[in-house]
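Chain A is the first sequence line, chain B the second, and so forth, proteins listed ahead of strands; every chain is numbered from 1.
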Amino acid sequence: MSLLLAQAAVNDANIHFDKLYSYRIPAELAGRVFPGSMVLVPFGRGSKARMAVVLAVGEVDESDAPKGLKTLYDAAPEDARLTPDLLELVRFLKERTFCTWFEAVKAVIPYGAQYRPAVVDGRHVMQGRLTRSTERLYTLAGALPEKPKPGPRQLAAVAALQNGPLTARQLDEVGISRATLDGLVKKGVLTAAEQDKAIDLFAAIPFDPQPLELSPEQQQVFNDLLPNLEDARPHAALLHGVTGSGKTIVFLRLIQRTLELGRRALVLVPEISLTPQMIRRLKSTFGSRLAVQHSALNNTERLLQWRMIQQGNADIVVGTRSAVFAPLQNLGLIIMDEEQEHTYQSESAPRFDAHDVAKKRAVMENALLLFASATPLTETYHAAESGKLQLVQLTHRYGGRPLPSVDFIDMRAELAAGNPREVSVRLARELQENLDNGEQSILLLNRRGYRTIGMCTTCGHVLKCPNCSVPLVYHKPQQALLCHHCGHTVHPLPQTCPECGGKISYSGFGTQRVEEELAELLPGARILRMDQDSTSRKDAHETMLAQFARHEYDILLGTQMVAKGLDFEKVTLVGVLGIDSLLFGQGFRAYESVFSLITQVVGRGGRAALPGRALIQTSVPDHPVLQLAAAQDYKGFYREEITFRRFSLYPPFCSFVVVGFIGDQEGAVFIAAQRFGALLGQHAAQKPNIPLRILGPAPMNITMLNNKFRYKLTLKCRNDAAFRALLHETLDAYDAEKLPQKASVILDFNSDGDL
DNA sequence: AGCACGCCGACT
DNA sequence: GTCGGCGTGCTC
Ligand SMILES: [Zn+2]
Ligand SMILES: [Zn+2]
């Protein structure tokens with residue numbers, strides 16, 4: 001007698017017990033379980049229900065069935081099954097990032113398409129239907145009775161619904177409350193139904209194709225890329241184009257050609273705020289067979305967009321990092337815009353780099369992969385220079401607009417001259433001038449440098465989170481101190497130092513601090529603050545930028561590249577504050593990211609109708625990185641940077657891997673890390689041709705997080721199959737010595753210094 | 001990671 | 001005698 005077995009990997013595993021577990025497939029699930037199926041399994045002592053993914057199905061004889069075999073609880077519907085392509089991407093993620101099977105599965109399927117466990121009549125089953133975001137829809141179903149005499153709200157409701165059903169939200173906006181509506185439902189005048197809440201934010205964009213006319217230089221780039229787009233083999237290229245050189249129009253022509261060839265296109269952008277402009281461009285040019293994938297969509301919106309892609313109803317997909325997994329068939333072109341942005345690297349498991357996944361997909365689909373940037377990653381440019389990528393360049397600014405003038409403001413001199421403020425005298429003066437002339441200004445703050453913390457005025461003690469070794473951050477609205485890592489809250493604000501009893505001062509740095517200074521220096525200026533807090537709503541970003549464009553504000557104060565890719569006619573001044581902490585931050589990418597930021601600020605600056613200027617506040621105005629950025633000299637920067645990378649052994653001359661160790665007791669964590677390093681060295685020595693340097697163990701930047709101690713080893717290596725096999729051997733040896741109970745291991749292949 | 005099983009101290 | 005301390009080991 002034989003029986004059917006499913007090999008499955010469970011949810012919420014970690015690297016130390018993420019393996020394939022065998023389950024019996026019960027008769028009622030026969031024919032419904034295949035590789036890629038999502039199933040519900042009993043797991044652990046208490047046989048608690050967990051989601052799992054099936055990776056293999058097989059038949060074995062009853063006699064050699066594994067001992068202690070359990071039976072699947074349930075399976076998700078067929079439409080939730082991972083396609084062979086998605087399974088291949090799951091395998092790829094696991095192999096390259098050392099994540100668990102299920103972490104990889106969760107990365108390739110949007111949240112809204114993931115089935116969850118449920119309990120029905122005390123039995124563990126898969127939920128019958130995916131959880132959706134819904135809203136209530138009211139429809140007119142009968143006449144309003146004459147008596148009792150209907151109220152004015154009721155009459156208004158019926159009148160509003162005369163032309164068709166409306167949602168609760170739409171009715172609320174015209175002043176008709178839930179109570180009125182539900183009263184009418186009870187009377188039988190209206191019916192209510194739950195419908196999917198999916199706003200098509202872009203429904204209003206008209207199909208209005210403009211001729212795509214290329215400049216001679218743009219045409220040359222297009223011509224150079226075309227053979228590789230039309231070829232049936234995979235290709236990869238880098239489009240290095242200075243800011244304002246019109247990369248987007250080249251994208252549009254390439255997409256147009258891709259569609260003509262009967263193939264599909266994927267466009268990746270680094271952040272959600274850049275999707276609307278890209279969608280607008282694409283939709284007006286190519287029409288509505290376009291789908292979007294990013295994390296600001298709700299469950300339903302994501303699911304609907306994903307289904308649209310899966311069913312072949314989208315020819316173009318636009319999205320952020322995770323859109324690289326969009327299940328487009330017959331993919332001919334992948335564009336990764338602003339490829340230098342760090343947001344293409346995932347910071348939580350699976351810690352993948354979208355560059356690598358995009359390369360993998362281009363190979364799977366025989367597509368052209370195009371990285372585009374004004375300031376490419378040093379690794380990317382090096383790959384292009386050494387012939388691994390095709391290199392095409394746009395060197396002319398479109399429309400011939402001049403670059404803004406760039407000035408550095410020496411903040412040491414500022415302090416010496418007696419100005420303790422965050423805003424320099426010169427910047428304040430120029431802001432005032434802009435205000436007087438009716439022109440607009442943008443101020444960019446580096447987030448890291450701008451947090452307000454509590455510090456003792458007597459002994460200098462900084463108030464820290466009791467669970468994590470990080471300073472607590474002052475939040476004005478709640479009048480509280482918050483830990484940005486674990487959420488620990490201290491309220492009310494401590495006034496005295498726990499160390500010496502001195503007075504605590506909260507006059508540190510911060511967006512709010514700058515805002516206060518500006519209010520004081522420029523009374524009457526209308527300041528728009530854009531940061532994580534103020535832009536959390538889905539369309540807030542767009543709304544605020546539109547307000548700024550209409551000149552409803554004078555100064556835009558942003559913590560990120562808020563104004564990326566946008567042209568504001570009246571912006572003639574851009575100020576950059578807090579760049580020093582970025583410049584001197586740890587991590588081998590520090591210079592690269594500062595160079596990219598300043599280059600973009602300067603490159604954007606000259607886009608207004610009026611001549612522009614950029615003011616950069618720094619304590620090191622002569623720093624070569626700043627000078628090269630001001631001159632828009634990417635190649636000069638690259639030559640310096642590649643020399644540094646070669647000399648100090650950093651990527652692209654090695655792979656940089658951080659191995660993290662996390663556990664309850666500091667000593668044990670350190671010992672485990674040290675032992676891992678020793679094991680790794682021993683195993684490496686037994687193999688030929690494994691270049692490897694092991695640094696550490698050292699405490700991580702954030703030594704304690706959520707009451708757990710964190711140490712790291714830093715590896716400089718060649719990340720090939722042999723090296724990854726070595727890591728697996730080392731992990732096995734680590735497990736065999738029962739070290740996971742001292743510290744669990746996390747691997748990060750795209751860190752630039754810490755986890 | 002959870003979670004049970006197990007073998008030693010202080011409590012009725 | 002037993003209640004519970006968290007050390008140890010397993011998860012199909
Ligand atoms: Zn003190
Ligand atoms: Zn904390």
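For the 3.5 Å distance criterion, the side chains of A/His728 and A/His683 fail to qualify, holding no donor opposite an acceptor. A side-chain donor-acceptor contact under 3.5 Å links A/Asn467 and A/Asn707. For the residue pair A/His491 / A/Gln478, no side-chain donor-acceptor distance below 3.5 Å is found, with atom types taken as modelled. Side chains of A/His16 and A/Asn14: no donor on one and acceptor on the other come within 3.5 Å. In summary, the side chains of A/Tyr711 and A/Glu666 do present a donor paired with an acceptor at a separation below 3.5 Å, with no hydrogens or angles considered. Side-chain atoms of A/Tyr474 and A/Gln479 include a donor-acceptor pair closer than 3.5 Å.
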Check: protein-nucleotides 9-12 of chain C nitrogen or oxygen pairs below 3.5 Å:
from: C/dG9; atom 1: N2; to: A/Arg45; atom 2: NH2; distance (Å): 3.2
from: C/dT11; atom 1: O3'; to: A/Gly44; atom 2: N; distance (Å): 3.4
from: C/dC12; atom 1: OP1; to: A/Tyr23; atom 2: OH; distance (Å): 3.3
from: C/dC12; atom 1: OP2; to: A/Lys70; atom 2: NZ; distance (Å): 2.4
from: C/dC12; atom 1: O3'; to: A/Ser22; atom 2: O; distance (Å): 2.6
from: C/dC12; atom 1: O3'; to: A/Lys70; atom 2: N; distance (Å): 2.8
from: C/dC12; atom 1: O2; to: A/Ser22; atom 2: N; distance (Å): 2.6
from: C/dC12; atom 1: O2; to: A/Ser22; atom 2: OG; distance (Å): 3.4
from: C/dC12; atom 1: N4; to: A/Lys19; atom 2: NZ; distance (Å): 3.2

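With sequence neighbours left out, A/Arg589 forms a side chain to side chain donor-acceptor pair (under 3.5 Å) with A/Glu379.
Among the atoms of the strands shown, none is found under 4.0 Å from any heavy atom of A/Asp12.
Going from atom NZ of A/Lys742 over to atom C1' of C/dT8 covers 12 Å, rounded to whole Å. The nearest whole Å value for the distance from the NZ atom in A/Lys48 to the P atom in B/dA1 is 16 Å.
Exactly one of A/Leu481, A/Leu463, A/Val462 qualifies for a side chain to side chain contact (heavy atoms under 4.5 Å, CB included) with A/Pro471. That residue is A/Val462.
The nearest heavy atom of DNA chain B to A/Asn14 and to A/Gly46 marks one nucleotide each, and the one closer to the 5' end goes with A/Asn14.
Near-neighbour residues of DNA chain C inside residues 699-706 of chain A, defined by a heavy atom below 4.0 Å, are absent.
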